[in-house]
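Read the numbers this way: they start at 1 and go in the same order the structure lists the ligands and their atoms.
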Amino acid sequence: MEFSELIARRYSVRAYKPDPVEEDKLQRVLEAARLAPTACNRQPFQFIIIQTAGREAELRRIYHRSWFSQAPLLICACGLRELAWSRKDGQNYVYVDTTIAMDHLILAATNLGLGTCWVAAFDVEAAREVLGLPNNVEPVAFTPLGYPADQLKSKDRKPVADLMRHEGW
Ligand SMILES: Cc1cc2nc3c(=O)[nH]c(=O)nc-3n(C[C@H](O)[C@H](O)[C@H](O)COP(=O)(O)O)c2cc1C
(Lines give C-alpha, C1' and ligand atoms only; values in the text may rest on other atoms or scores of the structure.)
Protein backbone atom coordinates (compact mmCIF):
# COMPACT_ATOMS: atom_id res chain seq x y z
CA MET A 1 0.00 0.00 0.00
CA GLU A 2 1.23 3.50 -0.72
CA PHE A 3 2.32 5.13 2.56
CA SER A 4 -0.18 8.00 2.73
CA GLU A 5 -2.96 5.55 1.86
CA LEU A 6 -1.79 3.25 4.65
CA ILE A 7 -1.91 6.10 7.17
CA ALA A 8 -5.42 7.03 6.03
CA ARG A 9 -6.65 3.42 6.05
CA ARG A 10 -5.59 2.56 9.62
CA TYR A 11 -8.42 2.87 12.08
CA SER A 12 -9.40 1.46 15.45
CA VAL A 13 -10.99 -1.89 14.66
CA ARG A 14 -13.58 -2.82 17.28
CA ALA A 15 -15.05 -5.98 15.70
CA TYR A 16 -12.99 -8.96 14.52
CA LYS A 17 -13.54 -12.11 12.46
CA PRO A 18 -12.50 -15.43 14.03
CA ASP A 19 -10.14 -16.19 11.10
CA PRO A 20 -6.61 -17.04 12.29
CA VAL A 21 -3.66 -14.71 11.67
CA GLU A 22 -1.14 -16.44 9.43
CA GLU A 23 2.22 -17.10 11.14
CA ASP A 24 4.17 -15.25 8.41
CA LYS A 25 1.98 -12.17 8.85
CA LEU A 26 2.55 -12.26 12.61
CA GLN A 27 6.30 -12.49 12.01
CA ARG A 28 6.15 -9.54 9.60
CA VAL A 29 4.38 -7.26 12.07
CA LEU A 30 6.82 -8.27 14.82
CA GLU A 31 9.71 -7.54 12.45
CA ALA A 32 8.30 -4.03 11.88
CA ALA A 33 8.30 -3.50 15.66
CA ARG A 34 11.85 -4.83 15.91
CA LEU A 35 13.10 -2.31 13.34
CA ALA A 36 11.60 0.68 15.17
CA PRO A 37 14.00 3.37 16.35
CA THR A 38 14.65 3.64 20.10
CA ALA A 39 16.55 6.19 22.16
CA CYS A 40 20.23 5.20 22.17
CA ASN A 41 19.10 1.99 20.39
CA ARG A 42 18.29 0.43 23.77
CA GLN A 43 15.22 -1.52 22.48
CA PRO A 44 13.70 -1.58 25.98
CA PHE A 45 10.53 -3.48 25.20
CA GLN A 46 9.03 -6.90 24.73
CA PHE A 47 5.81 -7.81 22.97
CA ILE A 48 3.69 -10.57 24.48
CA ILE A 49 1.63 -12.55 21.97
CA ILE A 50 -1.51 -13.93 23.54
CA GLN A 51 -3.76 -16.58 21.96
CA THR A 52 -7.29 -15.57 22.94
CA ALA A 53 -9.14 -18.86 22.24
CA GLY A 54 -10.68 -20.19 25.43
CA ARG A 55 -9.35 -17.30 27.52
CA GLU A 56 -11.97 -14.70 26.63
CA ALA A 57 -13.41 -14.33 30.15
CA GLU A 58 -10.01 -14.04 31.79
CA LEU A 59 -8.80 -11.53 29.20
CA ARG A 60 -11.94 -9.46 29.67
CA ARG A 61 -10.69 -8.77 33.20
CA ILE A 62 -7.88 -6.79 31.56
CA TYR A 63 -10.27 -4.74 29.40
CA HIS A 64 -13.98 -5.27 29.53
CA ARG A 65 -15.05 -4.68 25.90
CA SER A 66 -16.18 -7.86 24.13
CA TRP A 67 -14.08 -7.11 21.02
CA PHE A 68 -10.89 -7.05 23.12
CA SER A 69 -10.66 -10.85 23.09
CA GLN A 70 -12.57 -11.40 19.82
CA ALA A 71 -9.51 -11.46 17.54
CA PRO A 72 -7.44 -14.67 17.60
CA LEU A 73 -4.45 -12.76 18.92
CA LEU A 74 -3.89 -10.04 21.44
CA ILE A 75 -0.58 -8.24 21.71
CA CYS A 76 0.68 -6.53 24.83
CA ALA A 77 3.51 -4.04 24.38
CA CYS A 78 5.58 -3.99 27.55
CA GLY A 79 8.32 -1.55 28.54
CA LEU A 80 11.48 -2.40 30.49
CA ARG A 81 12.22 0.87 32.23
CA GLU A 82 15.67 -0.01 33.54
CA LEU A 83 16.88 -0.77 30.00
CA ALA A 84 15.58 2.50 28.53
CA TRP A 85 17.60 5.64 27.95
CA SER A 86 17.06 8.56 30.34
CA ARG A 87 17.66 12.22 29.55
CA LYS A 88 19.94 14.34 31.78
CA ASP A 89 16.91 15.63 33.72
CA GLY A 90 15.91 12.03 34.54
CA GLN A 91 13.08 11.72 31.99
CA ASN A 92 12.93 8.04 31.01
CA TYR A 93 11.95 7.30 27.40
CA VAL A 94 10.54 3.79 27.90
CA TYR A 95 6.99 4.82 26.93
CA VAL A 96 8.17 6.68 23.84
CA ASP A 97 10.28 3.77 22.61
CA THR A 98 7.60 1.18 23.28
CA THR A 99 4.92 3.32 21.64
CA ILE A 100 6.95 3.88 18.48
CA ALA A 101 7.52 0.12 18.17
CA MET A 102 3.81 -0.54 18.73
CA ASP A 103 2.93 1.99 16.06
CA HIS A 104 5.29 0.27 13.60
CA LEU A 105 3.53 -3.00 14.40
CA ILE A 106 0.10 -1.45 13.93
CA LEU A 107 0.94 0.15 10.59
CA ALA A 108 2.54 -3.08 9.35
CA ALA A 109 -0.62 -4.93 10.37
CA THR A 110 -2.78 -2.45 8.44
CA ASN A 111 -0.57 -2.97 5.40
CA LEU A 112 -1.30 -6.72 5.59
CA GLY A 113 -5.06 -6.22 5.86
CA LEU A 114 -5.10 -6.91 9.61
CA GLY A 115 -7.01 -4.87 12.15
CA THR A 116 -5.74 -3.40 15.41
CA CYS A 117 -6.90 -1.04 18.13
CA TRP A 118 -4.73 0.73 20.66
CA VAL A 119 -5.95 -0.03 24.16
CA ALA A 120 -4.51 1.94 27.06
CA ALA A 121 -7.57 2.00 29.35
CA PHE A 122 -6.86 -1.48 30.68
CA ASP A 123 -6.65 -2.66 34.28
CA VAL A 124 -2.93 -2.82 35.03
CA GLU A 125 -3.25 -5.12 38.03
CA ALA A 126 -5.44 -7.56 36.09
CA ALA A 127 -2.91 -7.49 33.21
CA ARG A 128 -0.06 -8.21 35.65
CA GLU A 129 -1.96 -11.10 37.18
CA VAL A 130 -3.33 -12.70 34.01
CA LEU A 131 -0.03 -12.41 32.11
CA GLY A 132 2.20 -13.13 35.13
CA LEU A 133 4.28 -10.00 34.56
CA PRO A 134 7.26 -9.41 36.84
CA ASN A 135 7.40 -6.00 38.60
CA ASN A 136 10.02 -4.57 36.24
CA VAL A 137 7.84 -5.19 33.16
CA GLU A 138 5.36 -2.36 32.48
CA PRO A 139 2.37 -3.08 30.25
CA VAL A 140 2.09 0.03 28.07
CA ALA A 141 -0.66 -0.84 25.58
CA PHE A 142 -2.58 -3.73 24.10
CA THR A 143 -3.95 -4.35 20.65
CA PRO A 144 -6.08 -7.15 19.29
CA LEU A 145 -4.66 -8.55 16.03
CA GLY A 146 -7.05 -10.11 13.56
CA TYR A 147 -9.15 -9.56 10.48
CA PRO A 148 -11.58 -6.64 10.74
CA ALA A 149 -15.31 -7.29 10.86
CA ASP A 150 -16.16 -3.58 10.83
CA GLN A 151 -15.26 -0.71 8.53
CA LEU A 152 -13.40 2.55 8.56
CA LYS A 153 -15.63 5.45 9.54
CA SER A 154 -14.77 9.01 8.69
CA LYS A 155 -11.76 10.42 10.51
CA ASP A 156 -12.65 13.03 13.10
CA ARG A 157 -9.55 15.20 13.34
CA LYS A 158 -8.70 18.81 14.13
CA PRO A 159 -7.56 20.86 11.14
CA VAL A 160 -3.79 21.02 10.56
CA ALA A 161 -3.87 24.73 11.45
CA ASP A 162 -4.94 23.82 15.02
CA LEU A 163 -2.22 21.22 15.43
CA MET A 164 0.83 22.96 13.94
CA ARG A 165 2.35 26.33 14.40
CA HIS A 166 5.35 28.16 13.22
CA GLU A 167 7.72 29.36 15.91
CA GLY A 168 6.48 31.88 18.45
CA TRP A 169 3.47 31.62 20.79
C1 LIG B 1 -2.47 5.75 23.26
C2 LIG B 1 -3.85 5.36 22.82
C3 LIG B 1 -4.70 4.73 23.70
C4 LIG B 1 -5.98 4.32 23.30
N5 LIG B 1 -6.76 3.60 24.16
C6 LIG B 1 -7.97 3.15 23.75
C7 LIG B 1 -8.75 2.34 24.61
O8 LIG B 1 -8.38 2.05 25.73
N9 LIG B 1 -9.96 1.90 24.15
C10 LIG B 1 -10.41 2.19 22.88
O11 LIG B 1 -11.50 1.73 22.51
N12 LIG B 1 -9.67 2.95 22.03
C13 LIG B 1 -8.46 3.43 22.44
N14 LIG B 1 -7.68 4.17 21.58
C15 LIG B 1 -8.16 4.43 20.21
C16 LIG B 1 -8.58 5.88 20.02
O17 LIG B 1 -9.83 6.09 20.61
C18 LIG B 1 -8.60 6.17 18.51
O19 LIG B 1 -7.30 6.00 17.99
C20 LIG B 1 -9.09 7.57 18.16
O21 LIG B 1 -10.41 7.76 18.58
C22 LIG B 1 -9.00 7.85 16.66
O23 LIG B 1 -9.72 6.90 15.91
P24 LIG B 1 -9.01 5.96 14.83
O25 LIG B 1 -7.94 5.16 15.54
O26 LIG B 1 -10.12 5.07 14.32
O27 LIG B 1 -8.42 6.82 13.78
C28 LIG B 1 -6.42 4.60 21.98
C29 LIG B 1 -5.56 5.25 21.09
C30 LIG B 1 -4.29 5.59 21.49
C31 LIG B 1 -3.35 6.24 20.49
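- At a distance under 4.0 Å, no protein heavy atom can be found next to atom 21 (O) of ligand 1.
- Protein heavy atom closest to atom 3 (C) of ligand 1, with residue, atom name and distance, is A120 CB, 3.5 Å.
- Using a 4.5 Å heavy-atom cutoff, the side chains of L107 and N111 are not in contact.
- Nearest to atom 17 (O) of ligand 1 by heavy atom, out of R65, M102, R14, is R14.
- The SG atom of C76 sits 5.5 Å away from the CD1 atom of I50 when rounded to the nearest 0.5 Å.
- A salt bridge does not link D19 with K17: every distance from a Lys NZ or Arg NE/NH1/NH2 to an Asp or Glu carboxylate oxygen is 4.0 Å or more.
- No side-chain heavy atom of Y93 sits under 4.5 Å from any side-chain heavy atom of R42.
- When all heavy atoms of Q70 and Y16 are compared, the closest pair comes out as OE1-N, 2.8 Å.
- Assignment of R10 to the shell around ligand 1 is supported, since a heavy atom sits closer than 4.0 Å.
- A 4.5 Å side-chain heavy-atom check between I75 and F142 finds every atom pair outside the cut-off.
- In the candidate list W118, Y63, F122, W118 is nearest to atom 2 (C) of ligand 1, counting heavy atoms.
- Ion pairing of E31 with R34 is present here, as a side-chain N (NZ or NE/NH1/NH2) and a carboxylate O approach within less than 4.0 Å.
- Of all the listed residues (S12, S154, A141, A121), A121 holds the heavy atom that lies closest to atom 8 (O) of ligand 1.
- Within the listing of ligand 1, atoms 5 (N), 6 (C), 7 (C), 8 (O) sit less than 4.0 angstrom from a heavy atom of V119.
- Within 6.0 Å of the CD atom in Q91, the count of heavy atoms belonging to other residues, nucleotides or ligands exceeds 12.
- When only non-hydrogen protein atoms are considered, atom 27 (O) of ligand 1 lies nearest to K155 NZ, 2.5 Å.
- Counting heavy atoms closer than 4.0 Å to ligand 1, residue R157 contributes side-chain atoms (C-beta onward) but none from N, CA, C or O.
- The ligand atoms of ligand 1 that sit less than 4.0 angstrom from a heavy atom of W67 are 11 (O).
- For ligand 1, the polar-atom distance check against C117 finds no nitrogen or oxygen pair separated by under 3.5 Å.
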